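Data block below; observations after.
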Amino acid sequence: MLLVLDIKQIRETPDFVRQRLATRGAGDEALVDQILEMDERRRRLLTEVERLKAERNRASKEIGRMLAEGKTAEAEVRKQETRVLGDRIAELDRQVMEVDQQRDALMLRIPNLPHETVPLGRSAEENQVVRVHGEPPRFEFPPRAHLELCERLGLVDFARAAKVAGSGFALYMGRGARLERALIRFMLDLHTRDHGYTEVWPPLMVGPACLEGVGQFPKFRDQYYGVAEGDDPLQLGRLYLIPTAETVVANLHREEILRESELPIRYCAYTPCFRGEAGAAGVGTRGLIRMHQFDKVELIQITRPEEGYAAHEAMVQHAERVLQMLGLHYRVVLLCSGDLGFASAKTYDLEVWAPGQGSYLEVSSVSNCEEFQARRMRLRFKDAHGLNRHPHILNGSGTALARLYVALVETYQQADGSVLIPPALRPYYGEERILP
RNA sequence: GGAGAGGUGGCUGAGUGGUUGAAAGCGCACGCCUGGAGAGCGUGAGUACCCCAAAAGGGUAUCGGGGGUUCGAAUCCCCCCCUCUCCGCCA
């Protein structure tokens with residue numbers, strides 16, 4: 001009953017589905033045959049059990065009629081006969097449920113099909129840079145890394161963050177905290193005022209159904225923080241800390257049937273994001289680049305399928321606008337099939353230049369998940385013909401904070417050790433520079 | 001956390017074991033009426049799945065979720081979830 005890719009699509013065009021899945025290079029296409037087999041078994045069982053149920057329903061009505069007419073003896077006989085049907089039905093029902101579960105479990109493991117405009121490739125190396133904005137800034141001195149800048153200016157206290165929460169957390173202090181807040185407000189204002197998004201301030205914990213809905217479950221179960229209430233171990237896993245606002249906000253309309261006139265829906269949310277990042281320790285773990293908790297302003301759109309890709313392009317530009325207004329050098333990267341996220345059909349990453357790192361940092365990922373998530377969360381809209389269809393769901397960071405912070409202080413650092421605040425941010429930060 | 005009440009179709013709301021997928025009202029769609037609108041009248045309309053080449057048609061499931069009793073469950077029993085009211089606690 002839970003359709004991930006449309007089971008009909010798999011049934012009708014298995015070769016196409018297999019071929020598209022194969023471009024991801026993860027071997028998921030092997031699931032297709034298993035699913036088809038399950039599906040066939042399921043339908044055979046269903047046809048049989050439904051026939052029996054129809055028969056039983058008829059018999060029951062007949063018994064009702066007999067009793068009403070006072071033919072108790074006859075009714076008793078009929079009851080006896082019908083009881084046997086019940087046993088057979090129960091047995092078949094059990095089998096149907098079993099096959100259902102197996103099929104659904106397989107379906108949940110199938111990632112989205114890459115869009116036809118996605119370049120083929122195996123890994124991040126084959127991603128395509130589609131445009132570059134600006135130039136890397138020049139320095140008359142060796143630019144410092146953000147870690148040093150932040151510590152010297154007292155913006156972030158990593159030691160105390162580690163003391164209270166362990167490694168992988170940041171403690172923004174004083175002007176550092178104010179800068180974080182300024183960035184959040186700047187982005188929220190930009191997207192709500194200029195780009196037509198409605199601001200949302202959502203819960204930071206969600207049930208597992210939401211994680212499943214956006215495609216983070218079942219595949220990446222171990223990367224999320226589950227919370228427990230008190231010491232009750234039974235409570236563990238009933239709620240999870242959100243790894244991104246997408247997890248909550250994309251699910252806001254789950255199991256609804258929207259009116260077409262309500263589309264497109266555009267939401268913008270600031271939230272902290274919590275990630276276990278299992279197995280990622282060791283690489284770039286110092287500083288603000290990879291953390292268990294970071295801030296992010298997220299964009300979500302729910303659109304008619306016809307408009308999904310136009311909205312996708314627009315959304316990339318909404319995220320780019322942040323970087324442009326902050327005067328940062330960045331590039332837009334189109335992910336290749338092998339680097340695509342589980343739920344996404346097409347993704348652009350925004351990578352901002354961090355002079356102190358001497359590298360680009362991913363600060364935004366803008367994806368069109370097409371109908372994939374809508375199907376998993378049973379979100380539909382009624383079109384002009386009264387037909388229920390799945391909308392496209394898009395998400396994009398607009399943008400992630402911590403890495404943006406890195407790029408910002410590294411880009412705007414001065415020879416005297418101060419950090420200039422770019423003009424667009426000054427109304428929010430309140431001053432023109434952060435002095436040593 | 002304690003006590004109570006309740007979850008039925010887009011909404012309100014009837015229904016306590018048998019042609020009830022579910023009265024009635026509102027809302028909605030279409031048609032008639034109208035110069036046009038309204039009122040009025042009529043018709044239609046949930047969702048998912050299965051059978052059928054398709055359409056037509058037929059069937060199954062669905063009254064918060066799951067399990068049970070029964071020939072038969074919206075109706076009876078058990079467990080869970082959620083909402084509301086009162087009390088307690090708390091930012």
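It should be emphasised that the depicted structure is a prediction, and the values quoted were computed from it without experimental measurement. We name chains A, B, ... by the order of the sequence lines, and we start the count at 1 in each one.
- The distance between atom CZ of A:R375 and atom P of B:A48, rounded to the nearest whole Å, is 12 Å.
- Between the P atom of B:A48 and the CG atom of A:D100 lies a distance of 16 Å, rounded to the nearest Å.
- With sequence neighbours excluded, no residue satisfies salt bridge (Lys or Arg N to Asp or Glu O under 4.0 Å) with A:E199.
- Atom C1' of B:U62 sits at a distance of 16 Å from the matching atom of B:U75, rounded to the whole Å.
- Here A:R181 pairs with nothing under the salt bridge (Lys or Arg N to Asp or Glu O under 4.0 Å) rule; sequence neighbours left out.
- Distances shorter than 4.0 Å separate some side-chain N or O of A:K382 from OP1 or OP2 on B:U47.
- Considering only residues two or more places apart in sequence or on other chains, A:H253 meets the side chain to side chain donor-acceptor pair (under 3.5 Å) condition with A:E256, A:Y267.
- When the C1' atom is used for both B:C71 and B:G13, the distance is 32 Å, rounded to whole Å.
- When the nearest nucleotides of RNA chain B are assigned to A:R43 and A:N388 by heavy-atom distance, the more 5′-ward of the two goes with A:N388.
- Comparing A:I257 and A:R11 by the nucleotide of RNA chain B that holds the closest heavy atom to each, the one mapping nearer the 5' end is A:I257.
- Atom C1' of B:C30 sits at a distance of 23 Å from the matching atom of B:A24, rounded to the whole Å.
- Out of B:U47, B:C49, B:C51, the shortest distance to the side chain of A:R42 is found at B:C49.
- A donor-acceptor contact shorter than 3.5 Å is absent between the side chain of A:H146 and the backbone of A:A407.
- Judged by distance alone, the side chain of A:R109 and the main-chain N or O of A:L31 form no donor-acceptor pair under 3.5 Å.
- With sequence neighbours left out, the ring-ring contact (aromatic ring centres under 6.0 Å, His included) criterion links A:Y224 to A:F217.
- Residues passing the salt bridge (Lys or Arg N to Asp or Glu O under 4.0 Å) test with A:K71 are A:E69, sequence neighbours excluded.
- Paired regions of RNA chain B, where each region holds three or more successive Watson-Crick or G-U pairs whose two hydrogen-bonding distances fall under 3.5 Å, are B:1-7 with B:81-87, B:10-12 with B:24-26, B:28-32 with B:40-44, B:46-51 with B:57-62, B:64-68 with B:76-80.
- Using atom C1' as the reference point in both B:U85 and B:C28, the two lie 34 Å apart (nearest Å).
- Across the protein-nucleic acid pair, A:R380 atom CZ and B:G46 atom C1' stand 10 Å apart, rounded to whole Å.
- A donor and an acceptor atom, one from each side chain of A:Q80 and A:E76, are nowhere located under 3.5 Å apart.
- Using a 4.0 Å cutoff on non-hydrogen atoms, the parts of residues 47-67 of chain A near RNA chain B are A:T47, A:E50, A:K53, A:A54, A:R56, A:N57, A:S60, A:I63, A:G64, A:L67, ordered by number.
- With P as the reference atom, B:U70 and B:G65 are 23 Å apart, rounded to whole Å.
- Taking atom CD on A:E255 and atom P on B:G65, their separation rounds to 11 Å, with Å as the unit.
- Considering only residues two or more places apart in sequence or on other chains, A:H318 meets the side chain to side chain donor-acceptor pair (under 3.5 Å) condition with A:Y197.
- Shown for residues 73-85 of chain A: residues whose heavy atoms fall under 4.0 angstrom of RNA chain B, namely A:K79, A:T82, A:R83.
- Counting to the nearest Å, the P atom of B:U19 and the CD atom of A:E69 are 14 Å from each other.
- As rounded to the nearest Å, B:G58 and B:G44 have P atoms that lie 15 Å from one another.
- Partners of A:M38 under the side-chain contact (heavy atoms from CB on, under 4.5 Å) rule, at least two apart in sequence or in another chain, are A:V99, A:Q102, A:R103, A:L106.
- Taking A:Q19 as the reference, nothing meets the side chain to side chain donor-acceptor pair (under 3.5 Å) condition, with sequence neighbours excluded.
- Judged by distance alone, the side chains of A:N395 and A:S367 never bring a donor and an acceptor atom under 3.5 Å apart.
- The gap from the C1' atom of B:G1 to that of B:G18 amounts to 44 Å, rounded to the nearest Å.
- Remark: C1' of B:G64 and CD of A:E256 are 16 Å apart, rounded to the nearest angstrom.
- One can place CZ of A:R389 at 14 Å from P of B:A48, the figure rounded to the nearest angstrom.
- Rounded to whole Å, the separation between the P atoms of B:C80 and B:G2 comes to 12 Å.
- Applying the side-chain hydrogen bond (donor to acceptor under 3.5 Å, both in side chains) test to residues at least two apart or on different chains, the pairs with a partner in residues 151-162 of chain A are A:E148-A:R152, A:D157-A:R160.
- The CG-C1' distance, from A:L379 to B:A48, rounds to 16 Å in whole Å.
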